[in-house]
Amino acid sequence: MPVKIYNTLTRKKETFQPIEPAHIKLYVCGITSYDYCHIGHARSALAFDMIVRYLRYLGNKVTYIRNFTDIDDKIIARAAEQNTTTEELANRFIDEFYIDMDKLGVDRPTMEPKATEHIQEMIDLITELIDKDMAYPAHGDVYYSVNSFAGYGKLSGRNLEDMQAGARISVNENKHNPMDFVLWKASKPGEPSWESPWGPGRPGWHVECSAMSRKYLGDTFDIHGGGQDLIFPHHENELAQSEGANGKPFVKMWIHHGFVTIRDEKMSKSLGNFLTIRDILDHYHPEVLRFFIFSTQYRNPLDFSEAAMQDAMTGLDRLYECIAAVEKLGDKSQDSDEPVATTKDRNKLETLEERFQKAMNNDFNTAQAQGTLFEAVKVMNKIMRQLSAPPAKTDHTLLVTTAATIKKLAAVMGLLQEDANAYLAAKKAAMLSAIDIKEEEIENLIQERNQARVDKDWGRSDEIRDQLLDQGIELKDGPEGTGWSVKRN
RNA sequence: GGCGGCGUAGCCAAGCGGCUAAGGCACUGGUCUGCAAAACCAUGAUUCAGCGGUUCAAAUCCGCUCGCCGCCUCCA
């Protein structure tokens, strides 16, 4: 079953065929390092983490490169504000980035090159473009000549005339064409700079990705990814640089994920309506954020809200509770000629992996894939409800096997990575610490209430229950005694 | 102005020409319970923004209208 991927370049879903069989080469544009990361960055990191995990799950080798932009105008400006160097600032936020990524359980890419460590490669690339008459120096800057590249605009579906009609282009005397973009920028006094054939300066933004992808993945590679806002101008320009210099197709598949929105508006630093990853992780388990992000297919906009996060938490709990229930069965079973699971149930569970793959092969449709997991959970819960004391061996095996499959498949999205009981216990403890009551106190009240119940003193019994409920504790009377949980609000 | 995307039950969200339009949350009913809660089970769209068209067949393709959003400037 082949993987189909929506390719921005062709605007179609295409069957994905790696250039080198079973070895996929992927380049993703990483962060510009000058501030804490927001949920949008989390979506990007998690989307590609999931894509890489899935491709590996299918048995491919994946070489995954994700860069750090550690020099640009914003970094220079912010470093100046903070009275520090661009290097210190960039490295500090790279460290912070790793803290967030580790909490989210994002696997490290194969390599994470930094722009400032590839200045020579960029200078070489720019030199090649000048030699080919595709770029020209002017007063210490070097510009890419968009007219020299016939395919300019093919990725973003624009043409030069249309773009020039929209008058949002800054006037720059040095440019031959207003759409020409900078490859090398002469540095102003006091700014970080590197020596070059055109004088001291620093690289333009787009050129770093062309230089680094070529170095680590070659002239042509399989997948290039990033957020939808990078399509133009960043990726369009990268493509022009790379194909211009190399004379070969740059990338087979372009993958662009959608934005995270808040109240249906794009979250961005310039709008100031963003939430950082750590804001979220202060309040939610990392897997809740993952569950939320994967509840929508990666290309669609994803609207963040507390309600949506609560839904995600409830959904994740349902998955964990099912796994925990299976584990609670232990390994006792009996030979019985009357298993509870029907042929239909069995079939549903045995085809889980197949249906999951079908969903994921459809342009990494994690929303649909989550659905297949819940379908399985529903069937398992139904079986468990009907199970006899020591369950029939075939039922037992079916449940245990399916639980293992669910965990394996959920791992593609980085979900259900914790021990189910530990997850549920930790959650209970965390919720308990958020309210003002001790576990011992609860247990004592339960004792008292149980006595009242034995005495059939329903008044006192209900009084205690209501009192605890006021404090956020819900009681659950069951065959094995009275349990409790912290009420969600 | 140019380019692109979206509009599916109360909310979120799959479905990409043909099986009963996945799944989650909420609601309601049932099982359980002294009554509850929790848990589990069951249940909802004759219909996919609207109007036309193509087709034996459309939520799915085409056209128009309405509404929302993104890119065209740094941006995941």
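Just so you know, these numbers come straight off a predicted model, no measurement behind them. Chain identifiers are assigned alphabetically (A, B, ...) following the order of the sequence lines, protein sequences preceding nucleic acid strands; residue numbering begins at 1 within each chain.
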In whole Å, measure the gap between the [atom1] atoms of [N] and [M] for me.
| N | M | atom1 | answer |
| --- | --- | --- | --- |
| A9(B) | U43(B) | C1' | 13 Å |
| U60(B) | G2(B) | C1' | 28 Å |
| U8(B) | C61(B) | P | 16 Å |
| A49(B) | G67(B) | C1' | 8 Å |
| G24(B) | A13(B) | C1' | 8 Å |
| A45(B) | C11(B) | P | 15 Å |

For [N], which nucleotide in any strand shown is its Watson-Crick or wobble partner with both distances under 3.5 Å?
| N | answer |
| --- | --- |
| C35(B) | none |
| C71(B) | G2(B) |
| C66(B) | G7(B) |
| U54(B) | none |
| A26(B) | none |
| U60(B) | none |
| A45(B) | none |
| A21(B) | none |

Side-chain H-bond candidate by donor/acceptor type, [X] with [Y], under 3.5 Å:
| X | Y | result |
| --- | --- | --- |
| Y152(A) | N147(A) | no |
| R290(A) | Q417(A) | no |
| K13(A) | N362(A) | yes |

Assess whether one donor atom and one acceptor atom, taken from the side chain of [X] and the base of [N], lie less than 3.5 Å apart.
| X | N | result |
| --- | --- | --- |
| S461(A) | G34(B) | yes |
| D462(A) | G34(B) | yes |
| D477(A) | A36(B) | yes |
| R43(A) | A76(B) | no |
| R11(A) | C3(B) | no |

5' priority, RNA chain B, between D311(A) and Q228(A) [closest heavy atom]: D311(A)
Comparing L230(A) and S295(A) on RNA chain B - which has the more 5′ nearest nucleotide: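 Looking at RNA chain B, the more 5' nearest nucleotide goes with S295(A).
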Could you tell me whether the phosphate oxygens of [N], OP1 or OP2, come under 4.0 Å of any side-chain nitrogen or oxygen in [X]?
| X | N | answer |
| --- | --- | --- |
| N362(A) | G15(B) | yes |
| N159(A) | G2(B) | no |
| N300(A) | A14(B) | yes |
| K266(A) | C71(B) | yes |
| R453(A) | G34(B) | no |

ring centroid sep under 5.5 Å plus plane angle under 30, F259(A) with G70(B): no
Heavy-atom pair with the smallest gap, counting every atom of R43(A) and R299(A):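 Result for this residue pair: NH2-N, 4.4 Å.
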cation_pi(K175(A), Y143(A)) dist<6.0 Å, angle<=45: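 Judged by the rule (NZ or CZ under 6.0 Å from the ring centre, within 45° of its axis), K175(A) is not positioned above Y143(A).
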Lys NZ or Arg CZ of R158(A) over F232(A) ring: under 6.0 Å, within 45°: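 Judged by the rule (NZ or CZ under 6.0 Å from the ring centre, within 45° of its axis), R158(A) counts as positioned above F232(A).
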Basic-acidic side-chain contact under 4.0 Å: D395(A), R346(A): no
